[in-house]
Amino acid sequence: MGDALTGILPWAAAALLGGLAAWLARAWGRSRVEAAVHRRELGVAARRAAGIMAVGRDGILVHAPDGRILDINEAACQVLDKARSELLGTRVGELPASWINEENLPVAPGAVFAAPAAGLPGEQEPFLVGVVPATGAAVRWVQTSTRAVPGAEGGHELVTTLADVTGPRQIRAALARSETQFRLAMENAPIGMVLTDRQWRLVEVNAAFAQMLGVPPEALVGRDLSALSHPADRAAERAHVQQVLAGVGTRFTLDKRYLRADGQTIWAVLDAVLVRSPSGEPDQFVAQVRDATEAKLQSEMLAHRASHDPLTGLGNRAAMQEELSEALGMPDAADRVAVILVDLDEFKEINDRYGHGAGDDVLVHVGGVLRAACGGRGTAFRLGGDEFVVVVRDPQAGRAAFEIATAVHRALANPVRTQQRRFPVRASLGVAVVDDALLATGMSGVLAAGDAALYAAKGAGRSRTEVYSPEMDVPEVSRHGLHHDLTRAIEHGELILHFQPVVDLATQAVVGHEALVRWEHPERGLLLPGSFLDAASETGLAVPLGLEVVRLAVAHLVRTRPAGRWVSVNVAADQLGDGQLVAAIRGAMAQYDLAPGRLMVELTETSLDPSPRVRQDLVDLHAAGVPVLIDAFGTGVPPLPYLRDLPLAGIKLDMSFTAGIPEDPAAARVARGLGAMAAAMDLISVAEGVETSEQATHLKAGGWRYGQGWLFGVARATD
């Protein structure tokens with residue numbers, strides 16, 4: 001029923017009921033025919049009143065002035081949670097329910113069922129009240145009003161309506177809570193949130209979005225959201241908006257840029273959703289804007305690091321190969337492309353004498369020299385160590401390469417100033433200008449030609465430039481070719497380990513093995529480490545090679561777990577410092593549940609660079625239960641500070657001292673002194689190069705616990 005009918009029904013029912021008795025009395029005095037007619041009419045009226053009481057959605061109570069309930073409909077019974085038979089005759093002040101207002105304060109029943117304040121007939125002003133049934137049922141909220149109507153005997157009766165508004169009230173409350181929650185969420189969200197109309201004009205913005213753009217929130221309302229974008233991104237944004245408005249999807253996401261008020265460009269992720277009206281028409285957009293500037297910068301930094309040398313900032317080997325491959329792929333590459341291979345003269349001596357810090361300063365200086373010498377005609381790359389390559393692209397590549405090489409020699413004529421010293425730095429350069437013949441050999445052939453020219457420059461006295469000619473001997477395996485082959489060897493499992501036993505000098509029992517890497521080359525046969533380890537370091541493959549050695553060593557330990565012997569692997573300083581190798585070791589230890597001490601690391605003393613990053617790797621290995629030994633101990637300059645400052649577990653005596661026993665008294669004294677020191681410091685002590693029983697006896701007496709050498713066995717593929 002409609003609202004109008006709801007208001008009429010209580011009055012109509014009350015009027016019919018109140019006048020029923022009077023009408024009956026008048027009818028009784030008439031003729032019996034008239035009485036019969038009136039009885040029929042009375043029956044019709046009664047049925048109508050009963051129907052009105054029954055079908056009404058609102059509760060109706062008819063009560064006498066003294067409060068007795070004369071009639072009540074089913075809707076009112078449901079509000080009070082009682083049957084009709086239990087309520088008839090009850091006074092309204094004694095109904096099984098209590099009454100409260102919107103502040104949860106009690107309301108007297110007399111106020112709910114009060115007669116009109118002034119005169120009869122009349123109607124009480126409606127007001128909202130909560131009904132709390134005594135049965136414990138849920139509170140029902142009703143809009144109540146009371147009307148006075150004529151009674152059966154000339155008096156009056158009261159009709160009270162209880163219009164149940166619980167549902168609408170709950171809906172309104174839920175909408176209010178939802179609105180409040182949305183406002184709070186929008187205002188306090190840590191990311192930008194905006195509301196726009198269907199034309200993409202800002203209606204509301206939160207503080208986070210305004211702060212992101214560096215303007216007050218009120219300055220943004222009414223503006224086109226796309227107008228705040230970087231000019232290059234506006235068209236794409238508008239196209240997405242129009243696409244959604246046209247019915248293609250309901251939302252879109254964009255990685256885009258915004259312009260701050262100070263002119264700074266920021267990156268953001270825009271996620272917008274179209275909200276439609278109940279009729280299905282586009283109404284407004286709700287959008288989130290997340291500042292992605294830091295993530296974008298980190299992504300770009302990672303991409304840069306993947307293709308650039310972290311020390312010099314030049315491109316790395318992967319970037320060089322990409323550049324050279326692209327250059328050689330040009331249709332007119334012949335005579336327009338050249339490579340310059342640069343190798344520093346006597347760089348190893350600088351590293352060994354003054355340390356890696358000085359060496360790094362030299363490499364940074366050389367990187368700057370190459371960058372400046374290229375002058376836009378070529379791109380310089382650092383491949384590893386002191387090896388650099390310049391890829392030249394120029395219509396006259398030969399001339400450009402010669403001018404770049406001349407500029408490099410001229411700039412290197414000035415000594416490098418570092419650590420309050422002046423280092424003279426010289427370089428040998430090999431140039432290969434791509435012609436049709438070299439072009440046919442591909443990238444590896446071009447680099448091999450550059451290598452041949454570089455070897456010629458070194459052979460002719462160094463500190464000079466040589467240009468490749470077909471008469472030069474191209475090395476069978478250049479460094480670049482070796483890099484390719486060694487990469488393939490790691491990927492295809494061509495590297496294997498041989499194991500040399502380490503014995504307890506007191507019992508002659510085998511307690512462990514040193515793992516020595518070998519390369520089963522498909523064409524050149526079994527290669528010893530000396531033929532490829534230096535090249536691996538120079539070409540940036542030291543870490544991948546180390547990872548493969550660790551993998552093979554761990555697999556061996558898992559296979560030989562019952563024997564309980566340790567395996568040590570050799571690690572160079574350039575394999576430490578970035579955490580990659582250490583993470584692989586720790587991961588393997590945990591994955592295969594290897595006991596602490598089963599895997600050891602041997603670190604060559606002369607290659608040890610105790611930088612903070614290397615120191616952290618050593619600390620992590622110690623924490624993982626991986627002992628670190630200094631290999632070739634006694635040959636470096638500062639061994640004792642290393643033992644004091646670094647988390648080292650032991651030392652391996654260099655074989656040069658062992659070889660002098662017993663003929664060289666000085667070597668014997670050094671061996672005894674170092675052995676006593678190791679015992680006093682509770683270090684693992686291994687003497688290398690033991691070839692005779694006499695040497696083993698002398699070393700045991702000098703405090704050395706373990707021995708390794710031909711006396712106990714050579715390295716073999718299986719222990």
Q) Do F657 and W704 make the cut of ring centroids closer than 6.0 angstrom? A)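 Not under 6.0 Å, so no.
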Q.
If we count only N and O atoms by modelled type, under 3.5 Å, do the side chains of D620 and Q616 hold a donor and an acceptor together?
A.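 Note: D620 and Q616 side chains meet the donor-acceptor criterion.
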Q: Check whether the side chains of S428 and D345 place a donor and an acceptor atom closer than 3.5 Å, and report yes or no.
A: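 Looking only at side-chain atoms, D345 and S428 do form a donor-acceptor pair, the distance falling under 3.5 Å.
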Atom [atom1] in [X], atom [atom2] in [Y]: separation rounded to 0.5 Å?
X	Y	atom1	atom2	value
D360	H365	CG	NE2	14.5 Å
D343	R462	CG	CZ	8.5 Å
R382	D309	CZ	CG	4.5 Å
K652	M600	NZ	CE	10.0 Å

Q. Taking NZ, NE, NH1 and NH2 as the nitrogens, is one of them in R551 or E548 under 4.0 Å from a carboxylate oxygen of the other?
A.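 Result for this pair is yes, salt bridge flagged.
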Q | Lys/Arg-Asp/Glu bridge criterion (N-O < 4.0 Å) met for D255, K296 | A |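 No, no charged N to carboxylate O under 4.0 Å.
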Just by modelled atom types, is the [Y] backbone N or O under 3.5 Å from a matching donor or acceptor in the [X] side chain?
X	Y	answer
E322	A318	no
T658	E688	yes
T692	Q695	yes

Q | Minimal non-hydrogen separation, M677 against I651, with atom names | A |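 Taking M677 first and I651 second, the nearest heavy atoms are CE-CD1, 4.3 Å.
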